[in-house]
There are 2 protein chains.
Amino acid sequence: MSTRLRAGNHLDACAVLAERFQVWQASSFDLTLCPVRDVLDRVGDKWTTLMLIALTAGPMRFGALRRAVPDISKRMLTQSLRCLERDGMISRQVFPTKPPSVEYRLTPLGQSILEPLAQLVSWAEARHGDIKAARARFDASDKAAAA
Amino acid sequence: MSTRLRAGNHLDACAVLAERFQVWQASSFDLTLCPVRDVLDRVGDKWTTLMLIALTAGPMRFGALRRAVPDISKRMLTQSLRCLERDGMISRQVFPTKPPSVEYRLTPLGQSILEPLAQLVSWAEARHGDIKAARARFDASDKAAAA
DNA sequence: GGTGCTGGTCTAGAATAGAGACCACAACGG
DNA sequence: CCGTTGTGGTCTCTATTCTAGACCAGCACC
C-alpha cells in the first residue's frame, strides 16, 4: 500500500516530502518523473476533484453530474471528464438508448485516490476556520498598511 | 485531530466524501462553506504545493525559492507566496540588510498540511505508473478511433 | 410540426498565466 | 567616479485558458 504514514506523525511527512523534493529537483522537475506536478495539478483543477467526490455516491450520467455541480459549464464538464477518463480514474459507458445516455463511474484507480483525498478534505474542514481567520488578519493589516 | 481515517479503509473515505458532498451541495457550494473549493484549489495551484514542499527543508529566501523551482516566473512566485501568506500557511520576514533580504518559512498551519499532502504524494508516486499506462491506452485507442 | 430531452461541440469574450523589462538601493571593482 | 552585481519585487504585453451560451442530431410526446 502506498500510505505508510500515521495521523499525527508530522516529522515523517516532512522527511518524505523533503526527500521527494530533492529527487524532483535533481531531475529538473521532468514532468514524467514528478508526480506532484503531473497528478496534483489535476487534484486542484477546481472541477476534477469535485467530480471524483460526486461519483463516490455511485455512477452518474452527464446531466446528473451537471446538476450535481451547478456552476460548471458543459465544456469544462466534458473536458474534466475526458481528462479523468484518460487518466484512468473514471470509466465512460454509453448506453444505446434514444437519445443515448452516458454513464460515468469511478474505476478502482479512481477509488484509490479517495482515501488520501478524504484526508485532505478532513484537514481542510478542520483548518478552514484558521485559514479564514488568517485571511481576515492579513486583509486587515494590508488595508491598514495601504491607509 | 482532523484525520480519523486509517490507511486502507476505503469505505470510510468514501462515506466521508459522499456525506461532505451532500452538505456542500445543500449549501449551493457557497465558497465560505466549501473547503474543497476554497482550499484545494490552491493545493493544485501548480506552484503553491511545490513551494510548501520546498519549505519543508527549512526557511528560504525569495531568490533561493526561485532557484529551487527553476521554471517559475518572478510574478507567479510573488503571487503564490502572497497567497500562502494570506492563508496563514507561511510567514514572511524582512531583514533590514542592504539590499533587504526576505525569508519565508512554514507556519504551524502550513506544517499541518504537510501530513495529508504527503499522503497524496505517496499515492501519486505509487500510482503514477498506472496513470501513465492508462493515458497511453487512452491515447492509443483515441488515435485508432480517429484513424 | 413544435417542444423537450439526450450528450455533447464550437465560437466569441473575459480572465488569467507567463516572459521579461524595469526599479531603487547599496556594495564592490576598476 | 562610474559601471556592475545582487536584493526583492512591480509593470506591461502577449499567449493561453476559462466561461457563457448558441448550436447540433435524433427521437418521443402531444
Side-chain angles (χ1 to χ4, degrees), chain A residues 28-29 31 34 36-38 40-51 54-55 59-86 90-105 138 141-142 145-146, chain B residues 28-29 31 36-38 40-51 54-55 59-87 90-105 138 141-142 145-146:
Chain A
S28 303
F29 292 99
L31 274 186
C34 180
V36 165
R37 300 181 63 179
D38 194 15
L40 300 199
D41 270 8
R42 285 169 179 33
V43 169
D45 220 29
K46 186 174 186 182
W47 301 119
T48 51
T49 311
L50 222 43
M51 314 200 115
L55 288 172
M60 275 180 129
R61 292 180 32 194
F62 187 89
L65 277 169
R66 197 158 139 65
R67 281 186 295 275
V69 185
D71 52 351
I72 189 173
S73 69
K74 282 177 152 194
R75 188 178 184 275
M76 289 315 290
L77 181 55
T78 304
Q79 198 173 95
S80 304
L81 288 170
R82 285 289 130 77
C83 186
L84 285 169
E85 189 194 357
R86 187 170 103 96
I90 64 175
S91 64
R92 178 173 180 274
Q93 190 178 5
V94 182
F95 294 96
T97 56
K98 307 279 181 164
S101 64
V102 180
E103 197 173 81
Y104 295 91
R105 72 181 63 216
F138 184 91
S141 66
D142 199 49
Chain B
S28 303
F29 292 98
L31 274 186
V36 164
R37 301 184 61 180
D38 195 14
L40 301 199
D41 269 8
R42 285 168 180 27
V43 170
D45 218 27
K46 185 177 188 181
W47 301 119
T48 51
T49 311
L50 222 43
M51 310 202 2
L55 289 172
M60 276 179 128
R61 289 182 32 199
F62 188 87
L65 277 168
R66 199 159 137 65
R67 282 185 295 274
V69 185
D71 51 351
I72 190 174
S73 69
K74 281 178 152 192
R75 187 179 182 274
M76 289 316 288
L77 182 55
T78 303
Q79 199 173 95
S80 304
L81 288 170
R82 284 292 130 76
C83 185
L84 286 169
E85 189 195 357
R86 188 170 104 95
D87 285 358
I90 64 176
S91 64
R92 179 175 179 273
Q93 189 177 5
V94 182
F95 294 96
T97 58
K98 308 279 179 157
S101 64
V102 180
E103 199 173 81
Y104 294 92
R105 71 181 63 218
F138 185 90
S141 66
D142 199 49

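Order of the sequence lines sets the chain letters (A, B, ...), proteins ahead of strands, with each chain counted from 1.
In this entry the distance linking CZ of A/Arg82 with P of D/dC18 reads 16 Å, nearest Å. For the pair A/Gln79 CD and C/dG7 P, the computed distance is 19 Å after rounding to whole Å. Going from atom CD of B/Gln93 over to atom P of D/dG9 covers 13 Å, rounded to whole Å. Counting to the nearest Å, the C1' atom of D/dG8 and the CZ atom of B/Arg66 are 10 Å from each other. The CZ-C1' distance, from A/Phe62 to C/dG7, rounds to 6 Å in whole Å. Remark: C1' of C/dT16 and CZ of B/Arg42 are 15 Å apart, rounded to the nearest angstrom. When the P atom of C/dG18 is taken as reference, atom CG of B/Leu77 falls 12 Å away, rounded to whole Å. The distance between atom CZ of B/Arg67 and atom C1' of D/dG6, rounded to the nearest whole Å, is 10 Å.
Going from atom CG of B/Asp45 over to atom CE of B/Met51 covers 10.0 Å, rounded to the nearest 0.5 Å. In this structure, the separation between CD1 on A/Ile72 and OG1 on A/Thr78 is 8.5 Å, given to the nearest 0.5 Å.
Residue whose closest nucleotide on DNA chain D sits further toward the 5' end, between A/Lys98 and A/Met76: A/Met76. Take the nearest nucleotide of DNA chain C for B/Pro99 and for A/Val102: the residue whose nucleotide is more 5' is A/Val102.
Phosphate contact (OP1/OP2 of D/dG9, side-chain N/O of B/Arg92, threshold under 4.0 Å): present. Residue A/Lys46 places no side-chain N or O under 4.0 Å from the OP1 or OP2 atom of C/dA15. Put simply, A/Trp47 has a side-chain N or O that comes within less than 4.0 Å of OP1 or OP2 on D/dT19. Neither OP1 nor OP2 of C/dC10 sits under 4.0 Å from any side-chain N or O of A/Arg75.
Remark: the backbone N or O of A/Arg42 is paired with a side-chain donor or acceptor of A/Thr48 at under 3.5 angstrom.
For A/Lys74, whose side chain is taken as the heavy atoms from C-beta onward, the closest listed nucleotide among D/dT19, C/dG18, C/dG8 is C/dG8. Closest to the A/Ser73 side chain, of the nucleotides D/dT19, C/dA19, C/dT6, is D/dT19.
Across all strands shown, A/Tyr104 has heavy atoms under 4.0 Å from sugar-phosphate atoms exclusively, and none from any base.
The two residues B/Tyr104 and B/Leu65 have their closest heavy-atom pair at CD1-CD1, 4.2 Å.
With respect to B/Asp71 and A/Arg37, a salt bridge is recorded, a charged nitrogen being found less than 4.0 Å from a carboxylate O.
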